[in-house]
There are 2 protein chains.
Amino acid sequence: MTAEKKSAKAKAEPLDRNRIAQVALTLIDEQGIDQLSMRKLGGMLGVEAMALYHHFRNKAELLDGILDIILVDVAARLTPDGTPLERVRRTFDALRTIAIEHPHAFLSMVSRRFRTQVALKFYEQLLLLFHQAGLSPEQSGRYYRLMANFTVGAGVAEVGSRARQPDATPIILENFYSPEEFPRITEVMPFLRVSEIDQIYCSGMDILFTALKGELTQAVKRDALS
Amino acid sequence: MTAEKKSAKAKAEPLDRNRIAQVALTLIDEQGIDQLSMRKLGGMLGVEAMALYHHFRNKAELLDGILDIILVDVAARLTPDGTPLERVRRTFDALRTIAIEHPHAFLSMVSRRFRTQVALKFYEQLLLLFHQAGLSPEQSGRYYRLMANFTVGAGVAEVGSRARQPDATPIILENFYSPEEFPRITEVMPFLRVSEIDQIYCSGMDILFTALKGELTQAVKRDALS
DNA sequence: ACCTGAACACCGTTCAAGT
DNA sequence: ACCTGAACACCGTTCAAGT
């Protein structure tokens with residue numbers, strides 16, 4: 001009986017941080033973040049929950065491990081071609097896809113500070129691109145934050161519409177929604193469909209990049225004069 | 001003994017949704033979101049946990065109630081003076097202060113869809129301002145989303161630096177951080193201090209509003225020609 | 001070194017019962 | 001209508017013990 005259970009769950013190789021975090025991510029993707037428990041995760045790995053504590057000090061550290069997996073995945077998709085600014089743009093676009101591919105995980109990842117080597121390395125690489133594009137440290141910091149804010153916000157919004165939320169107030173829009181009560185919402189809703197969201201995100205990034213390039217050419221002009 | 005406990009917790013008036021949500025918010029502010037439990041909340045109200053289920057169907061609905069409180073609070077701070085666009089700007093600025101005043105609550109609020117009457121009313125009012133500023137429904141939707149994305153992202157970033165996180169990977173920056181390993185991060189860090197964040201947020205909103213006004217004057221010119 | 005078992009101190013929620 | 005008590009099916013984490 002015990003042997004049967006173990007074989008069914010595939011426990012051949014020994015555990016390691018990466019495999020645990022990987023399985024945890026699938027669990028989150030399939031069942032939502034609050035369905036991730038050390039006990040259930042252990043079950044999926046054919047192991048007692050307590051075995052996991054040999055690889056992660058606690059659940060929070062496991063979440064850091066999941067963030068690492070995602071960042072490595074994002075980094076792997078990035079190609080080194082194009083100008084530095086094009087690469088910056090592609091990096092943020094790739095980060096945004098996390099929200100779409102892992103909606104349940106995204107929310108808990110987004111507020112985590114970069115604490116691991118992997119995360120810091122990712123951050124360093126991204127800032128290097130800003131540097132290569134000719135931005136000063138001050139400009140790099142500012143535009144990194146602006147773009148990160150915007151991308152994170154877009155991701156969060158996307159999560160809201162994609163990930164099923166635990167049933168809260170059952171006053172779902174469709175139930176009680178009267179167009180005459182909320183005329184502006186009614187008017188705007190067609191333009192905020194999931195199908196439009198991507199284009200809106202792009203337009204926002206366009207605005208930020210235009211501003212950035214404006215600052216860069218100004219600097220070039222100043223240099224030419226002096 | 002039981003009487004002592006009750007009197008200590010002030011249970012004079014009967015419960016109502018608003019008071020429960022209010023106390024829940026203070027609990028979150030003081031102890032963090034994952035310290036909010038129905039049992040503990042009941043304790044603070046001098047009541048058994050199960051009594052709360054008479055006012056909220058479940059914990060998720062309680063969170064909706066907290067969001068309502070916050071939105072009412074934000075709305076109360078807004079004055080009706082100035083141009084519609086100025087009022088839009090002040091609305092987002094006020095929303096941002098939530099992240100600063102309720103960092104622990106912010107994260108769980110930000111991904112909640114607007115399901116309650118209160119939240120929809122707030123949304124309607126905000127979209128009305130866009131309308132009054134002369135934006136088309138498409139423009140209203142787009143700029144609402146752009147500004148909301150940006151503000152939410154800024155809030156999330158702020159939460160990351162303000163709200164204490166459960167101890168995860170103990171590789172805190174200071175511990176292992178070697179400037180030569182992460183030169184770009186080192187360079188940029190001084191410009192991303194908490195004291196600078198506010199200014200960066202403002203610069204981002206400035207960029208968005210400049211773009212918005214650009215679209216508006218273009219439309220005016222088109223109208224004049226035709 | 002890596003995993004188990006039992007235990008501790010908690011959860012959200014249901015349900016029948018009290019007033 | 002509003003609250004209680006007991007119960008169910010869970011949690012994260014500690015700690016001593018096994019191999």
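Bear in mind the structure is a predicted one, so any value in this text is a computation, not a measurement.
Where B:Ala49 and A:Ala51 each meet DNA chain C at their nearest nucleotide, the meeting point lying more 5' is that of A:Ala51.
The gap from the P atom of C:dA9 to that of D:dA9 amounts to 23 Å, rounded to the nearest Å.
Two residues are said to be in side-chain contact when any heavy atoms from C-beta on lie closer than 4.5 Å; B:His102 and B:Ile28 fail this criterion. Looking at heavy atoms from C-beta onward, A:Phe106 lies out of side-chain contact with A:Ile100 at the 4.5 angstrom threshold.
As rounded to whole Å, 14 Å separates atom P of D:dT14 from atom CG of A:Leu52. Between the NE2 atom of A:His54 and the P atom of C:dC2 there is a distance of 6 Å, rounded to whole Å. Between the CZ atom of B:Arg17 and the C1' atom of D:dC2 there is a distance of 15 Å, rounded to whole Å. Straight-line distance from the CD atom of B:Glu48 to the P atom of C:dA16: 19 Å, rounded to whole Å. At whole-Å resolution of the value, CG in B:Leu15 and C1' in D:dC3 are 9 Å apart.
A:Glu158 is linked by a salt bridge (Lys or Arg N to Asp or Glu O under 4.0 Å) to A:Arg96, A:Arg162, counting only residues two or more places apart in sequence or in another chain.
Under 3.5 Å, the side chains of A:Thr116 and A:Asp64 contain no donor-acceptor pair of N or O atoms.
Environment of CD in A:Gln31: crowded, with over 12 heavy atoms of neighbouring residues, nucleotides or ligands closer than 6.0 Å. Within 6.0 Å of atom CD in B:Gln132, more than 12 heavy atoms from other residues, nucleotides or ligands are found, so the atom counts as buried in its surroundings.
Screening A:Arg113, A:Arg115, A:Met109 for a side chain to side chain contact (heavy atoms under 4.5 Å, CB included) involving A:Leu67 leaves a single residue, A:Met109.
Ring geometry for A:Tyr144 versus A:Phe92: interplanar angle of 30 to 60°, hence tilted. Aromatic ring pairs are classed by plane angle as parallel below 30°, tilted from 30° to 60° and perpendicular above 60°; the pair B:Tyr123 and B:Phe114 is perpendicular.
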Exercise. Sugar-phosphate atoms are those with a prime plus P, OP1 and OP2; base atoms are the rest. Using that split, label each nucleotide of nucleotides 6-12 of chain C B, S or - for protein heavy atoms under 4.0 Å, 5' to 3'.
Key: BB---BB
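OP1 or OP2 of C:dA1 has not a single side-chain nitrogen or oxygen of A:His55 nearer than 4.0 Å.
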Exercise. Give the dot-bracket string for DNA chain C, reading 5' to 3', where a pair is Watson-Crick or G-U wobble with both distances under 3.5 Å, ( ) marks pairs inside the strand, [ ] marks pairs crossing earlier ones, | marks a partner on another strand, and . marks unpaired.
Key: ||.|||||...|||||.||
